[in-house]
Chemist: 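Mind having a look at this structure? Questions to follow.
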Amino acid sequence: MKRRLFVALALLGTLHPALAHRVPGTSSTVDWNPRSGLTEITHRLHVHDALTGVERFYEGGPLSVTDPEHQARIALYVEDRFEIEFADGTPIMLRTLGAELEGDYLLVYQETATRLRGPIRIRNDILRDALPVQVNEVFIRTDNGVRTLRFETDDDWLAITP
């Protein structure tokens, strides 16, 4: 009896990783680079989520994250869904630099010459129009540590003072 129980528990232990389910989400890092004098933004999208979500809005057929043109299309999709503005509503112009594949993730890069001081507002709708349970986090590095914004459900613009 003890042996059967041990075998059953061992089998359950091997199944546990298979039962885990990853919640769709992106993480974005906003960081001032004193060497370049730029605020650098990196968005990290899981490849499966990026393909599943962006293909819904792309009329050219299936996307491939190994194709530089398709990486650019995904970067432009991100550009349309991530914004930063000052608290008074004045937009901060972001320049999209491109994207690259890193393991199971696609990294999309943006930058701005504006140093984020004082209250700002951020909108992060990356993949939220395609994946209803999508959760996006934005990590903002400041002189005092890292501040985090979490976008889920009906969140639109979230305010923060870096």
Side-chain angles (χ1 to χ4, degrees), residues 16-58 63 65-66 68 70-162:
H16 177 69
L19 297 175
H21 184 265
R22 186 183 55 76
V23 174
T26 66
S27 64
S28 302
T29 304
V30 179
D31 193 11
W32 171 254
N33 183 338
R35 290 183 306 270
S36 67
L38 299 169
T39 297
E40 300 170 343
I41 303 157
T42 303
H43 306 283
R44 188 172 183 250
L45 293 75
H46 192 274
V47 166
H48 178 266
D49 298 344
L51 293 176
T52 301
V54 177
E55 281 179 352
R56 294 181 185 192
F57 303 98
Y58 177 63
L63 293 170
V65 291
T66 58
H70 292 179
Q71 289 177 0
R73 290 188 184 281
I74 294 170
L76 292 173
Y77 167 90
V78 168
E79 179 181 83
D80 287 341
R81 287 158 178 82
F82 184 87
E83 296 178 88
I84 303 175
E85 66 182 22
F86 291 107
D88 66 1
T90 304
I92 295 172
M93 302 309 297
L94 304 178
R95 184 170 72 126
T96 300
L97 304 174
E100 70 177 334
L101 188 59
E102 184 178 276
D104 289 340
Y105 293 90
L106 186 70
L107 304 179
V108 176
Y109 301 104
Q110 294 181 299
E111 66 183 14
T112 180
T114 304
R115 183 150 189 197
L116 304 179
R117 295 179 186 239
I120 59 169
R121 294 173 6 119
I122 295 178
R123 179 179 74 90
N124 187 342
D125 287 334
I126 300 169
L127 298 175
R128 293 177 70 210
D129 50 1
L131 304 169
V133 295
Q134 177 78 13
V135 175
N136 295 333
E137 292 184 319
V138 179
F139 303 98
I140 303 158
R141 291 194 181 123
T142 69
D143 295 335
N144 300 320
V146 178
R147 306 282 311 274
T148 304
L149 294 175
R150 184 177 172 97
F151 293 82
E152 51 191 332
T153 59
D154 295 331
D155 292 335
D156 190 11
W157 289 87
L158 297 180
I160 191 167
T161 299

Chemist: Side chains of I160 and T148: does their closest heavy-atom pair fall under 4.5 Å?
Modeler: no

Chemist: Looking at T142, T42, I120, I41, which one forms a side chain to side chain contact (heavy atoms under 4.5 Å, CB included) with V30?
Modeler: I41

Chemist: Between I126 and F151, is any pair of side-chain heavy atoms under 4.5 Å apart?
Modeler: no

Chemist: Working note: V138 + L158, criterion side chain to side chain contact (heavy atoms under 4.5 Å, CB included); need CA distance, chi angles, decisive distance, verdict.
Modeler: CA-CA 10 Å; V138 179; L158 297 180; over 6 Å; no

Chemist: Taking all atoms of both residues into account, what is the closest heavy-atom pair of A113 and W32, and its distance?
Modeler: O-CZ3, 4.4 Å

Chemist: Which atom pair, heavy atoms only, marks the closest approach of V47 to G103?
Modeler: CG2-O, 4.4 Å

Chemist: Are I84 and T112 close enough, and set up right, to give a side chain to side chain contact (heavy atoms under 4.5 Å, CB included), and what steps lead you there?
Modeler: CA-CA 10 Å; I84 303 175; T112 180; 5.9 Å; no

Chemist: Main chain of E40, side chain of Y109: is a donor-acceptor contact present, judged purely on distance under 3.5 Å?
Modeler: no

Chemist: Between R73 and V54, does the side chain to side chain contact (heavy atoms under 4.5 Å, CB included) criterion hold? Intermediate values first, please.
Modeler: CA-CA 9 Å; R73 290 188 184 281; V54 177; 5.6 Å; no

Chemist: Which heavy-atom pair separates A159 from L149 by the least distance, and what is that distance?
Modeler: O-CD2, 3.9 Å

Chemist: State, with a plain yes or no, whether a side-chain heavy atom of H70 is found less than 4.5 Å away from one of V65.
Modeler: no

Chemist: CZ of R44 to OG of S28: how many Å apart, nearest 0.5 Å?
Modeler: 11.0 Å

Chemist: Enter the distance from R150:CZ to D155:CG here, rounded to the nearest 0.5 Å.
Modeler: 9.5 Å

Chemist: Does atom CG of D143 have more than 12 heavy-atom neighbours from other groups under 6.0 Å away?
Modeler: no

Chemist: Taking all heavy atoms of P162 and all of I140, pick out the closest pair and write down the distance.
Modeler: CB-CG2, 4.1 Å

Chemist: Let me confirm one number: the CG-CG distance from L107 to L97, rounded to the nearest 0.5 Å.
Modeler: 12.5 Å

Chemist: Can you measure from CG (L45) to OG1 (T52) and round to the nearest 0.5 angstrom?
Modeler: 11.5 Å

Chemist: Kindly say whether T29 contributes a backbone atom to a donor-acceptor pair with the side chain of R141 at under 3.5 angstrom?
Modeler: no

Chemist: Per the salt bridge (charged side-chain N to carboxylate O under 4.0 Å, His left out) rule, what does the pair list look like for residues 77-87, sequence neighbours excluded?
Modeler: R81-D129, E83-R123, E85-R121

Chemist: Rounded at 0.5 Å granularity, tell me how far CD1 in I122 sits from CD1 in I92.
Modeler: 8.5 Å

Chemist: Which heavy atom of V146 sits nearest a heavy atom of F139, and at what distance?
Modeler: CG1-CB, 3.9 Å

Chemist: If you round to the nearest 0.5 Å, how far is CD of Q71 from CG of L63?
Modeler: 11.0 Å

Chemist: Donor-acceptor pair, distance only, cut-off 3.5 Å: does the side chain of R56 make one with the backbone of L131?
Modeler: no

Chemist: Look at atom CZ of R115 and say whether more than 12 heavy atoms of other residues, nucleotides or ligands are closer to it than 6.0 Å.
Modeler: yes

Chemist: Under 3.5 Å, is there a donor-acceptor pair between the T90 and D88 side chains?
Modeler: yes

Chemist: Which pairs with one or both residues in residues 81-103 pass ring pair (Phe, Tyr, Trp, His ring centres under 6.0 Å), sequence neighbours excluded?
Modeler: H43-F82

Chemist: Listed by chain and number, what are the side-chain hydrogen bond (donor to acceptor under 3.5 Å, both in side chains) partners of T153, not counting sequence neighbours?
Modeler: none

Chemist: Would you sort out whether Q134 and T26 count as a side chain to side chain contact (heavy atoms under 4.5 Å, CB included), showing the intermediate values?
Modeler: CA-CA 8 Å; Q134 177 78 13; T26 66; 3.4 Å; yes

Chemist: Please give me the minimum heavy-atom distance between T96 and A75, naming the atom from each residue.
Modeler: CG2-CB, 4.0 Å

